[in-house]
Structures are given as structure tokens and as C-alpha cells.
Amino acid sequence: MASRPRRSAFVSQEIEPKWQKVWAERGVMKASDSSPKPKYYDLVMYPYPSGDLTVGHARNYVMGDVLARMKRMQGFEVLHPFGWDAFGLPAENAAMKRGGGLHPAKWTRDNIAKATRELKMMGILYDWDREVTSSEPDYYRWTQWLFLLMYERGLAYRAMAPVNWCPVDKTVLANEQVINGRCWRHPDVEVEKRDLEQWFLKITDYADRLLDDLALLDKWPQKVRVMQTNWIGRSMGAEADFAVDGMPGDSIRIYTTRPDTLFGATFMVLAPEHPLVERVTSEKHRARVREYVEKARKETEIERLSTEREKTGVATGGFAINPVNGEKIPIWVADYVLVTYGTGAIMAVPAHDERDFEFAQRYDLPIRQVIAPPSGPQVRLREAYVGPGTMVNSGEFNGLDSAIAFERICDSLEAKGVGKRAVKYRLRDWLISRQRYWGAPIPVVYCPTDGIVPVPREDLPVLLPEEYRPLPEVESFWKTTCPKCGGPARRETDTMDTFIDSSWYFLRYASPHDNAEPFDSELANHWMPVDQYTGGVEHAILHLLYSRFFIKVLYDAGLLAVTEPFVRLFNQGMVKRFGQVMSKSAGNGVSIDELAGAQGADAGRIYEMFIGPPEEDVEWTDAGLNGVVKFLQRVWRLVLEAQSIAAEAGQAGATVDASGLRRKVAQTVGKVTEHFDELRFNTAVAFLMELANAMQDYLRSGGARDAEWDEHVRTLVKLLNPLAPHLGEEMWERLGEKGMLADASWPAFDAALAAEPKVVLVVQVAGKLRDRLEVDAGLPEAEAVRLALASDKVRAALDGRGPSKVVYVPDRLINLVP
RNA sequence: GUCGGCGUGGCGGAAUGGCAGACGCGCCAGCCUUAGGAGCUGGUGCCCGAAAGGGCGUGGAGGUUCAAAUCCUCUCGCCGACACCA
């Protein structure tokens, strides 16, 4: 920075802190609960406070800020809050690394202070009066309150179950936190299965609504809706009871999505853990079955679930009776059947199921076709036929279309009382217990007399002990008395999954200081739903599914009037540098201090918006950033030193037609507004660059700096403001404006001003471009044809042939087809 | 394996049926300057051509259409999600 520019230039280090201070003092982004203006709730996912921010983290906060600033100028009462998802393991790990010397609370608060300062340095405005921190008692008190609500509504229960255990974090995990059998936080660590008694939330009660209401979320990325649909995994089918041969009273219930293939069942398969395995096994087979079951139990989840390996199983020697035709079929045990899904037992129809087919081939089991494809019945199947067709080998149902037979066979099962239609889900209940210190304690007490007793609401919060130590080791924490009988009792020492904290934080922003309830229903109903929600796609299932669930429960409890929390969802891409996601630990981060100290926050903000489509990952380069700096310096001179630019061209005083620029300004207002609204920031920046170029050209060609010019300059500054707010305010002030630019009104789009009187009409002959004609807008077709035929180039291309067909798109193109 | 997304100049990317390459980076030439990592002017998809002009061109092959980067079919490549859910 030693060299001195010849022309005057702004110095970001001087103007940025100046305006940040003014915004803070005036509380520019404070949201009023009682404003007559229409509300706009603009939210970014609250982050885990892991330390210093990089410009990479800042990208989605800038997106939120650009939208918030424009919406304010457009006359909305904008709620743009911020907070911290502050409970979680990194704080504990940091504490452990230093031998417990650094308390997680201290570590968390220090990190929050650093990140807050950096957000402010980026010029990002929030209503900091509404800041929430999930690890503070005045927040987690209400997280506990909501747990009690779940408990009262029968949605929180304690059960013994085989659960996922992360050996590194030493805690259990929810299904959603297990990815390919590995911990979501440690991609190289396999989770273990443990049988433990844990707390669950009954999200499966809401499976249908969570699935069906996805149809309402038309402003969510399709990708996320598909992922949630698959995760919930609803399937429609039937359950049927197969009697066990020689064991009256015993039957095996199976679930199938293909009741139309019931006549094709040639064997049954039980999961190794199925409770009837021992009973149906014959003495002759017992040793082998036990050995197989034992082996399956020892295998890891990853091995069990691999689709690569060959299917294995053993016959039990037992037989079942097919309820539709009385046929006796062998019962096998195989680990490709999961005890956790459906009924843990299946009827195997190898002719019409790929997995059963593979298994039947390997163990030489019979394959019977019961559905003939439209191409006609095949003599020998080479692979399972899973499509629809005509029923064969199916008794009274022969000849029916398989879709009709599906219904008829269900009717028949129901009439005979041996089965019924059934719906199943992949979604499991949400395991929320965590064996960790740094989380919200689950507010229940175990009493020898009264069993599970919830902590009364007036006794909340159940505070974490001051000292950082595993809770089961802190006697003063768990040793308590029963709220019911007063006798000695033991407090629950597990804390809640941090995804509970984040399932309702956006409600707390509506009434962050309410000390009587988690949120004020009236205020929450005023601000909700969130109009724009921005965050990473990694929460496509986890946080976004859990939050939807919470909202539906609160709706049912009469505490909230909305059934979906987020109207429009946007997943931003990540910022990379040297090919890797930018992060402090990877050593490729650009810090906000570095940025602000060199090119400035405004340049960084615009660059992050201009660098590429907002949903794509982008590569940060210093050269690209410098291009934006040049643009801003050019705007600065354009706005404040128009004279020098005109003088430079040596034509000051000449007169040029101002109507072209007038149109350009009007068009830019329309396009920039639309593209900001649609979060297409990269193209919005491009339009502003075009406008600045056009204004510069106007001056250079001798355009007058009259009252209209002054208007154009103010329009440019306003349009630029959401992107470069510091520079905007500085220019606004120097233009002699009294109020704050942040409070100025957004330019209105004037379609009449933007309309082009003359258009370039493309002339094609047989679809090939032959000429361009400048014509009046709205030219009638006959006139367009006449003008086109008058062109030498067109006549040459037609080569004497008359056009037999004319396609005319007014103001765009005319295509003459010989 | 299944589902989804993406594939456009040297680079980031525009254009969602109607002029391919907006805007920017980079590069080339020139101007200005004591100096340039500043500013300004012009150029910049590829091929032929001195130019005028012409031809080709959005991973590949087909198709629909007066017209395709855009819609359809197949195919290749990259990325993501799910992965024995009966």
C-alpha cells in the first residue's frame, strides 16, 4: 500500500469502521415487534462457535445480509437475527486437551466474542439484542421445558434398544448421525452396536405428515425434498401371517410391498435376531443355525449392510404354510433380512425380487413365476422380474392385472383374517440421549418408588455443574430427591442431542428475553414462518427434519399456528482455496482481519457474491478480488468525481442523448431487484458493473451532468448498497444526503422507462442467422417480412426462392423458411 | 447398484426453446506515466482469409422443432445422496 494512486480513491480502512459504528449506535437492523410494515424473516443457520471465522464462513452470512438490507429498503420490517449452536463436543475436546483447565463455557464464550467481532467487521448487520446461545441456562432451560412437553404428549420415551455407539466420542448417536455405519463426525470410525436404555423422541408418529407436507415446500431445493422423502421411506404393502407347520398357535408375520406375488413365495426368511428362530429350528439343524446366528451377531453394521457381498443363510428345518394356497415352504435364516425393518421376516419370492432371486440361485431353491411381463411368460427367468404384468400360477387370481390382484389379494387376506394392508417407514425414532457433559441435561429423575419422574417446570433449568467432569462422576449433580415423594432419587446424567437445541432456536428469536416460556406464541406467530432460510446442505436431513418435527408438535400443542418452519430454503456452496474447503485448520483460510486490512470488507462481500453461482462451490483467488476492488474504485470516481472523468475524455460540455442511459438505469433496477430476490447475486453484480460501465461511457462521450444524472448516481448507490454498504453510506454522505442510505427507499422499477423503442431483429433464413435489422419495437409481422426481404444478405440466402413459411417472434427474430 | 445434479472460451461463469460466450479474470496491442501490480483505448471461442466474408462450435451419438446449451433417447465423464428397508 506504499504507492499512492494518482486519482483519489477511497480507503476502506477509514470508512468501514466509521459506518460500522454508526449502524451499531443507531440500531439499524433492530426489528420492531409492533411495526405496521409487512414482516420479513431472513435467517441463516446459526453456527457452532468454533473460533475465528474465515471469509469462507462469511459467504452465506453476506447472502443473508444482502437480502436483509434490500428488504429493509423495500419497506419490510426485517428480522435478521443471529445466535450460536454452542453445545457440543469440540468445546469438551478443547477442555480435555488442556487437562480440563479450560472450561467449555469459557472456550465457547471466547469463540463467540471472536466471531461476533468478525461478523461486524464484514458489515453484516443483525439484531444483536435477540442473540441466542444454546448453551446458556436461559436458553437450555427452555430446551428442557420442550422436552417435558414432548414427555407429556407421549412423544418422549425411554427404551432399551440396540443403539449406535461412537467409540471416539464415547456417546450414542441417532440414526441420522450414522453415515455408512460410521460416525458423522469421524468418517473413519465405525460405530458399535450396544444394547442400552436410552431416551427417544417419537418422530415416527409424524412420519406421514413430515412426508406429505414436503409437497407444501415448493421453494425448497428438490434435492433436499427427495433426500427427506427417501429418509422417511414410506412404503405401502401388506402384512400376512404364515402358520408354522406342526406348531399350532405359532405364526410368522411378514411384511411385503408385493402382496400380488404371494403365490410365488417358495421359502421364508427370518432375520437372525428374529424371536421365533429358536422355536422353528429342528433339532437336526439347531447347531448350524446357532452358529450362523452367532456369526451374524458379531459382524459389524458395515459388513451386514454391504450389498457387495454374497448373501448367506441356513435352513432351519422348519416349514411355514402359505396362507393363500396352503403350500408348505421351508423357513431359512439369513442376515440380508433386517430385524429392525418391517416384521423382521419375509416371504421370499425369487421370481420377482432381486435379492430373493440371488439367494434362491445360491441355495438352489425353487423359483416360481407368478407375474407374466407384457412380453409374455418366460420359461426360464434369468433375473427377477420386478415390473407389473398379468397374474399366472395364482389360482383364482390368474389372468388379472397385477395391480388389481394387489388389491384383491389384500381383500382376501383381510376377509380370512390372516393379513391386512400395512404401511412401513424407514424412519426410526430419534435417539436423543448423549453421554456427554456439554449439553442440556435431560430433566428427569429416577425414583425407586415412583420410577421416571419429570422435573417440575418451576425447577428448571437443571443446571450443569460448574466443574467440568462427566456427569455420572458428579455426585452433587445426580444425587437428588424425588419431586413426587421426596425420597432419595437419582438424576438422569445424560444430556440431550444438540440437534434438539437447534430444532427451535428460530422461535426464540421472536421473544429472546421471555422468562416465562420458550417463546411468546403471539410473537412467534407474527414472525414465523421464516421467509428465507440459508445454510449448508449437510443439514438436508438432520436439522431440517428435526425442526419440521418440532414445529408440528408445537402446532399440535396449540403453541404455534404454523405447520412448517421454513418457507424458502437455500443451500449455499462452499468457498475453496487451493482446491480445498477454506478453513483455519487446513491453513488455506483468508481471515477477515486480512481482508479488511487490505482490500476491504466491501470488496470481499461483492467478490463472494460475484465469484460464482451462490449454490456452487467456488474457488477464492486474489486476482478475482482485485477485479472487484477496481470496480468499486471506478464507482467511487463515477459518483464523486464525474467531472474528472468527463474532463479526461476532453469533451466536457458536449451534449448527448440521455435516453439510452435512462433506459439502462431503469432496466438495471428491474434486473438487480429480481436477481437479489432470487438470490442470484453473481448476475446482480454483473448488471451493476454493466450500469457503471454505461454511466462511464455516457460521461466520456460528453453526457451532461444534470439533475437527471444526479438521480442516476443515487440509484446506482442504492442498488449497490446491499453489497457494499460501507462505501454506499460514505458516498451517500458525500453526495450531501442527510439520512442514512440504509434507511433510503429501494428504487422502484418503471417498466415504461425500461422499454426499448428500437430493437434489433434477428433475421434467419432456414434457421441460419443472415442479417440483423434495427426496427421499431412491436413491428407488425407484414412489415417485418417486407424489411427482411429488402435485405441483400437475406435475398442472397433465399437464392430466388420465396419464403414458404415465416416464423415471427416480435422484437426478437424472424425466420424465413424457403 | 439406485436416485439426483452437473458437463459451455485459457479461467470463473452468462444465456432455460429464439443473436451462444453477458459480467469479470487472464492475455495481446496501443496510449498516458519518472515509475507501474495504477489509469485509459482497442482486441480476445476455434478454423480459413490481407480484408470483406465464410465455415465450425455448448462432453459424444441420435431424435423432436422453422429454431436446441436449453426438450426427448442412448452413451461417456465428474460430483453428491442413498445403498439388502422386502
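Being a predicted model, the structure only gives us computed values, none of them experimental.
A/Lys311 and A/Glu358 are joined by a salt bridge, as a carboxylate oxygen and a charged side-chain nitrogen come within less than 4.0 angstrom of each other. Ion pairing between A/Glu619 and A/Lys576 fails under the 4.0 Å rule for side-chain N and carboxylate O. Salt bridge A/Lys420/A/Glu239: present, at least one basic N to carboxylate O contact under 4.0 Å. A salt bridge links A/Arg234 with A/Asp208: the distance from a Lys NZ or Arg NE/NH1/NH2 to an Asp or Glu carboxylate oxygen falls below 4.0 Å.
If you look at A/Phe681 and A/His675, their ring centroids are not closer than 6.0 Å. Here the two rings, on A/Tyr607 and A/Trp620, have centers that are under 6.0 Å apart. In this structure, A/Phe267 has its ring center closer than 6.0 angstrom to the ring center of A/Phe359.
For B/C40, one of the phosphate oxygens OP1 or OP2 lies less than 4.0 angstrom from a side-chain nitrogen or oxygen of A/Gln696. OP1 or OP2 of B/U41 sits under 4.0 Å from a side-chain N or O of A/Arg700.
Across all strands shown, B/U64 forms no Watson-Crick or G-U wobble pair with both distances under 3.5 Å. In this structure, B/C84 forms no base pair with any nucleotide, since neither Watson-Crick nor G-U wobble geometry is met with both distances under 3.5 Å. Remark: B/G7 base-pairs with B/C76; criterion is Watson-Crick or G-U wobble with both hydrogen-bond distances under 3.5 Å. Applying the Watson-Crick and G-U wobble criteria (two distances, each under 3.5 Å), B/U16 pairs with nothing in any strand. Nucleotide B/A50 forms no Watson-Crick or G-U wobble pair with any nucleotide shown, as no partner meets the under 3.5 Å limit on both distances. With a 3.5 Å ceiling on both atom-pair distances, B/A22 lacks any Watson-Crick or G-U wobble partner.
Of the P atoms belonging to B/G26 and B/U33, the separation is 24 Å, rounded to the nearest Å. Comparing the C1' positions of B/G7 and B/U58 gives a spacing of 9 Å, expressed to the nearest Å. Taking atom C1' in both B/G18 and B/A68, the straight-line distance is 10 Å, to the nearest Å. Remark: the separation of the C1' atoms in B/A14 and B/C23 is 8 Å, to the nearest Å. Comparing the C1' positions of B/U16 and B/U70 gives an interatomic distance of 5 Å, to the nearest angstrom. The separation of B/G60 from B/G13, taken at their C1' atoms, amounts to 23 Å, rounded to a whole angstrom. Between B/A61 and B/C76, the distance separating the two P atoms is 15 Å to the nearest Å. A gap of 28 Å separates the P atoms of B/C66 and B/U75, to the nearest Å.
Near RNA chain B, defined here as any heavy-atom distance below 4.0 Å, the residues from residues 625-632 of chain A are A/Gly627, A/Lys630, listed numerically.
There is a side-chain donor-acceptor pair under 3.5 Å between A/Arg634 and A/Asn693. No hydrogens or angles considered: a donor-acceptor pair under 3.5 Å links the side chains of A/Ser235 and A/Tyr255.
Note on residues 685-694 of chain A: pairs passing salt bridge (charged side-chain N to carboxylate O under 4.0 Å, His left out), not counting sequence neighbours, are A/Lys664-A/Glu690. Among residues at least two apart or in separate chains, salt bridge (charged side-chain N to carboxylate O under 4.0 Å, His left out) pairs with a member in residues 334-343 of chain A are A/Arg309-A/Asp335.
When distances are taken from the side chain of A/Val337 to each of B/A86, B/G13, B/A22, the shortest belongs to B/A86. In the set B/G24, B/C84, B/G13, B/G24 carries the atom at the smallest distance from any side-chain atom of A/Phe610. Closest to the side chain of A/Tyr336, out of B/G24, B/C84, B/A15, is B/C84. Here B/C40 is the nucleotide among B/G24, B/A86, B/C40 with the atom lying nearest to any side-chain atom of A/Arg637. In the set B/A15, B/C25, B/G24, the nucleotide with an atom closest to the side chain of A/Thr683 is B/A15. Listed nucleotides B/C56, B/C23, B/C82 differ in distance to A/Lys768; the shortest reach to its side chain belongs to B/C56. In this structure, the nucleotide among B/G18, B/A83, B/A14 sitting nearest to the side chain of A/Pro613 is B/A14. Nearest nucleotide to the side chain of A/Val760, out of B/U41, B/C19, B/A15: B/C19.
Along RNA chain B, the nucleotide nearest to A/Arg258 and the one nearest to A/Ile541 differ in position, and the one closer to the 5' end is contacted by A/Ile541. Toward the 5' end of RNA chain B, the nearer of the two residues A/Arg772 and A/Phe687, judged by each one's closest nucleotide, is A/Arg772.
Look at CH2 on A/Trp636: it is 17 Å from P on B/G39, rounded to the nearest Å. As a whole-Å value, the separation of A/Asp617 CG from B/C11 C1' is 17 Å. What separates CE of A/Met609 from P of B/G13 is a distance of 15 Å, to the nearest Å. Rounding to whole angstrom units, CZ of residue A/Phe578 and P of B/C11 are separated by 20 Å. Between the NZ atom of A/Lys576 and the C1' atom of B/G80 there is a distance of 11 Å, rounded to whole Å.
A/Asn682 comes within 4.0 angstrom of the backbone, heavy atoms only, and of no base. Nucleic acid contact class of A/Arg426 (heavy atoms, under 4.0 Å, all strands): base. Looking at heavy-atom distances under 4.0 Å, A/Arg680 makes contact with sugar-phosphate atoms alone, never a base. Note on A/Lys311: a base of the nucleic acid sits closer than 4.0 angstrom, heavy atoms only. Within the nucleic acid shown, A/Thr621 has no heavy atom closer than 4.0 Å to any nucleic acid atom. No contact: A/Val618 has no heavy atom under 4.0 Å from any strand.
Partners of A/Val806 by side chain to side chain contact (heavy atoms under 4.5 Å, CB included), not counting sequence neighbours, listed by chain and number: A/Glu781, A/Val785, A/Pro803, A/Ile814, A/Leu816.
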Detail all sub-3.5 Å separations between protein N/O atoms and N/O atoms belonging to nucleotides 4-7 of chain B.
none

Each nucleotide N or O in nucleotides 62-69 of chain B that has a protein N or O under 3.5 Å away: list the pair and distance.
from	atom 1	to	atom 2	distance (Å)
B/C66	OP1	A/Lys805	NZ	3.3
B/C66	O2'	A/Asn815	ND2	3.2
B/C66	O2	A/Asn815	ND2	2.5

query: Between A/Gln572 and A/Glu616, does a side-chain hydrogen bond (donor to acceptor under 3.5 Å, both in side chains) hold up when you go through it step by step?
result: CA-CA 7 Å; A/Gln572 84 282 356; A/Glu616 299 286 331; over 6 Å; no
- prompt: Can you check side-chain hydrogen bond (donor to acceptor under 3.5 Å, both in side chains) on A/Tyr292 and A/Thr312, steps first, answer last?
  reply: CA-CA 9 Å; A/Tyr292 183 80; A/Thr312 60; 2.9 Å; yes
query: How far apart are the C-alpha atoms of A/Ile331 and A/Val269, what are their side-chain angles, what is the distance that settles it, and do they pass the side-chain contact (heavy atoms from CB on, under 4.5 Å) test?
result: CA-CA 6 Å; A/Ile331 304 170; A/Val269 185; over 6 Å; no
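With its glycosidic angle more than 90° from 0, B/G53 is assigned anti.
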